[in-house]
Amino acid sequence: MAVRKFKPTTPGQRHKIIGTFEEITASVPEKSLVFGKKSSGGRNNQGKMTMRYIGGGHRKVIRNVDFKRNKDGVPAIVKTIEYDPNRSARIALLFYADGEKRYIIAPNGLQVGATLMSGENATPEIGNALPLQNIPVGTVIHNIELRPGQGAALVRSAGNFAQLTSREGKYCVIKLPSGEIRQILATCKATIGSVGNSDHALESSGKAGRTRWMGRRPRNRGVVMNPVDHPMGGGEGRASGGHPRSRKGLYAKGLKTRSPKKQSSKYIIERRKK
């Protein structure tokens, strides 16, 4: 995985940095695992805009990615590594021994032709999914469940990884990419290795049009609006706008929004780093 820079032949090329796509082996997705994605343009069922700055963008199809990895004990061969426009990571197409096909998030270092397995009897090797209680302490993991059988909820974006640090009774202690250290039930599944496409963070779109292709419209700042439109608007000249806050007046940048009575707080050993 690497990134490409371009000669500054146009203003858009000057700052553009994109991935090389060298690991991708197929350009067309598996037809049985895709379905159409309808874009709303930020409108609700009455046609009224409820989310601003959404609209346009290239047509996409949803790839049905298997986050549960519940096909235990059946070996699967990695057939292709593919691009997915709906996420930052790459996806891998698995052909199971019983004939079923499924997509998974492609971990770093996964090669076409590799054999993967999920379940309690799987070995702790890259791409295999097994319960946390069967994973050696210190292992780098991703695609972590929060509840058994729910499907992976944590550590799914490009280049991310968590670490299994210790075990405490029926819980395992996980250090997450944010720096948070929390307990997760040992029966929850996780996948070995880190998520691939780690150079995604180095990419730069280079021009506003590339953002429009992704379905994001121009977003104007609160300070440049009028007082009727935003709490930070108005003032003579370039006024700072006071304390940063949302359009509805809620403080931003520092206000704690997490409920102090939230049930899952008891599982968090150390909060994420500021």
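For clarity, every value in this text was computed on a predicted model and none was experimentally measured.
Within a 6.0 Å sphere centred on NZ of Lys207, heavy atoms belonging to other residues, nucleotides or ligands number 12 at most. The neighbour count for Lys68 NZ, taken as heavy atoms of other residues, nucleotides or ligands under 6.0 Å away, does not exceed 12. Residue-environment remark: CZ (Arg4) exceeds the threshold of 12 foreign heavy atoms within 6.0 Å. More than 12 heavy atoms of other shown residues, nucleotides or ligands fall within 6.0 angstrom of atom CZ in Arg43. With a 6.0 Å radius and a threshold of 12 heavy atoms from other residues, nucleotides or ligands, Arg258 has its CZ atom above the threshold.
The closest side-chain heavy-atom distance from Glu23 to Arg90 is below 4.5 Å. Using a 4.5 Å heavy-atom threshold, the side chains of Leu146 and Arg182 count as touching. Residues Ile81 and Leu110 meet the side-chain proximity criterion, which asks for heavy atoms closer than 4.5 Å. Counting only heavy atoms from C-beta outward, the side chains of Val137 and Thr165 never approach each other to under 4.5 Å. In this structure, the side chains of Ile18 and Phe6 come closer than 4.5 Å at one or more pairs of heavy atoms. At a threshold of 4.5 Å between non-hydrogen side-chain atoms, the residues Asn143 and Phe67 count as touching. Under the 4.5 Å side-chain criterion, counting only non-hydrogen atoms from C-beta, Ile104 is not in contact with Ile91. With a 4.5 Å cut-off on side-chain heavy atoms, Thr123 and Asn128 count as touching.
Atoms OG1 and NZ, on Thr25 and Lys79 in that order, are 10.5 Å from each other to the nearest 0.5 Å. Distance check: Ser88 OG to Glu203 CD gives 9.5 Å after rounding to the nearest 0.5 Å. How far NE2 of His243 is from CG of Leu255: 8.0 Å, rounded to the nearest 0.5 Å. Distance check, rounded to the nearest 0.5 Å: CG of Leu132 to OG1 of Thr139 gives 10.0 Å. Here the SG-CD distance, from Cys172 to Gln133, works out to 7.5 Å after rounding to the nearest 0.5 Å. Of the inter-residue distances, the one linking Arg63 atom CZ with Arg87 atom CZ reads 9.5 Å to the nearest 0.5 angstrom.
With sequence neighbours excluded, no residue forms a side chain to side chain contact (heavy atoms under 4.5 Å, CB included) with Ala239. Under the rule for a salt bridge (Lys or Arg N to Asp or Glu O under 4.0 Å), the partners of Glu100 that lie at least two apart in sequence or sit in another chain are Lys71, Arg102. Remark: Tyr96 engages no residue in a ring-ring contact (aromatic ring centres under 6.0 Å, His included) (not counting sequence neighbours). Looking at residues two or more places apart in sequence or on another chain, you find a salt bridge (Lys or Arg N to Asp or Glu O under 4.0 Å) between Arg271 and Glu180.
Residues Phe95 and Val74 fall into different hydrophobic clusters, defined by Ile, Leu, Val, Met, Phe, Trp and Tyr side chains chained together at heavy-atom separations under 4.5 Å. In the hydrophobic clustering of ILVMFWY residues, with side-chain heavy atoms under 4.5 Å counting as a link, Ile135 and Leu154 come out together. Leu116 and Ile105 fall into different hydrophobic clusters, where Ile, Leu, Val, Met, Phe, Trp and Tyr residues are linked whenever their side-chain heavy atoms come under 4.5 Å apart, directly or through other members. Note: the hydrophobic cluster containing Met117 does not contain Val78 (ILVMFWY, side chain heavy atoms under 4.5 Å, direct or indirect links).
Side-chain atoms of Asn134 do not come within 3.5 Å of backbone N or O of Asn121 as any donor-acceptor pair. Without hydrogens or angle criteria, Gln13 side chain to Lys7 main chain gives no donor-acceptor distance under 3.5 Å. The backbone N or O of Lys248 lies less than 3.5 Å from a partner atom in the side chain of Ser246, making a donor-acceptor pair.
Screening residues 134-191 for ring pair (Phe, Tyr, Trp, His ring centres under 6.0 Å), with sequence neighbours left out, gives Tyr171-Tyr267. Residue pairs meeting the side chain to side chain donor-acceptor pair (under 3.5 Å) criterion with at least one partner in residues 150-160, sequence neighbours excluded, are Ser157-Asn160.
Contact between Pro124 and Leu130 at its shortest, heavy atoms only, is CA-CD2, 4.3 Å. A pairwise comparison of heavy atoms in Lys60 and Pro85 identifies NZ-O, 3.8 Å as the closest pair. Residues Pro107 and Gly127 approach most closely at CG-CA, 3.7 Å, considering heavy atoms.
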Audit row: Ile141, Ile174, side chain to side chain contact (heavy atoms under 4.5 Å, CB included) steps and yes/no:
CA-CA 9 Å; Ile141 54 175; Ile174 309 287; 3.9 Å; yes

Can you check side chain to side chain contact (heavy atoms under 4.5 Å, CB included) on Asp84 and Val65, steps first, answer last?
CA-CA 10 Å; Asp84 187 354; Val65 178; 4.3 Å; yes

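By the 4.5 Å side-chain criterion applied to Ile, Leu, Val, Met, Phe, Trp and Tyr, Ile77 is assigned to no cluster and stands alone. Through direct or relayed side-chain contacts under 4.5 Å between Ile, Leu, Val, Met, Phe, Trp and Tyr, Ile268 connects to no other residue. Hydrophobic cluster membership for Met51: Ile54 (Ile, Leu, Val, Met, Phe, Trp, Tyr linked by side-chain heavy atoms under 4.5 Å, directly or transitively).
Screening Arg167, Lys170, Glu168 against Gln183 for a side-chain contact (heavy atoms from CB on, under 4.5 Å) leaves a single residue, Glu168.
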Give every donor-acceptor pair under 3.5 Å between a side-chain atom in residues 208-236 and any protein atom, sequence neighbours left out.
| unit_1 | atom_1 | unit_2 | atom_2 | d |
| --- | --- | --- | --- | --- |
| Trp213 | NE1 | Gly209 | O | 3.4 |
| Asn220 | OD1 | Tyr53 | OH | 3.3 |
| His230 | ND1 | Met232 | N | 3.1 |

Distance-only donor-acceptor hits, side chain of residues 29-36, under 3.5 Å, sequence neighbours excluded:
| unit_1 | atom_1 | unit_2 | atom_2 | d |
| --- | --- | --- | --- | --- |
| Glu30 | OE2 | Ser32 | OG | 3.0 |

Residues 184-196 side chain polar contacts: donor-acceptor under 3.5 Å, at least two apart:
| unit_1 | atom_1 | unit_2 | atom_2 | d |
| --- | --- | --- | --- | --- |
| Lys189 | NZ | Arg69 | O | 2.7 |
| Lys189 | NZ | Asp72 | OD1 | 2.7 |
| Lys189 | NZ | Asp72 | OD2 | 3.4 |

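One side chain, Glu82 or Thr80, offers a donor N or O that lies under 3.5 Å from an acceptor on the other.
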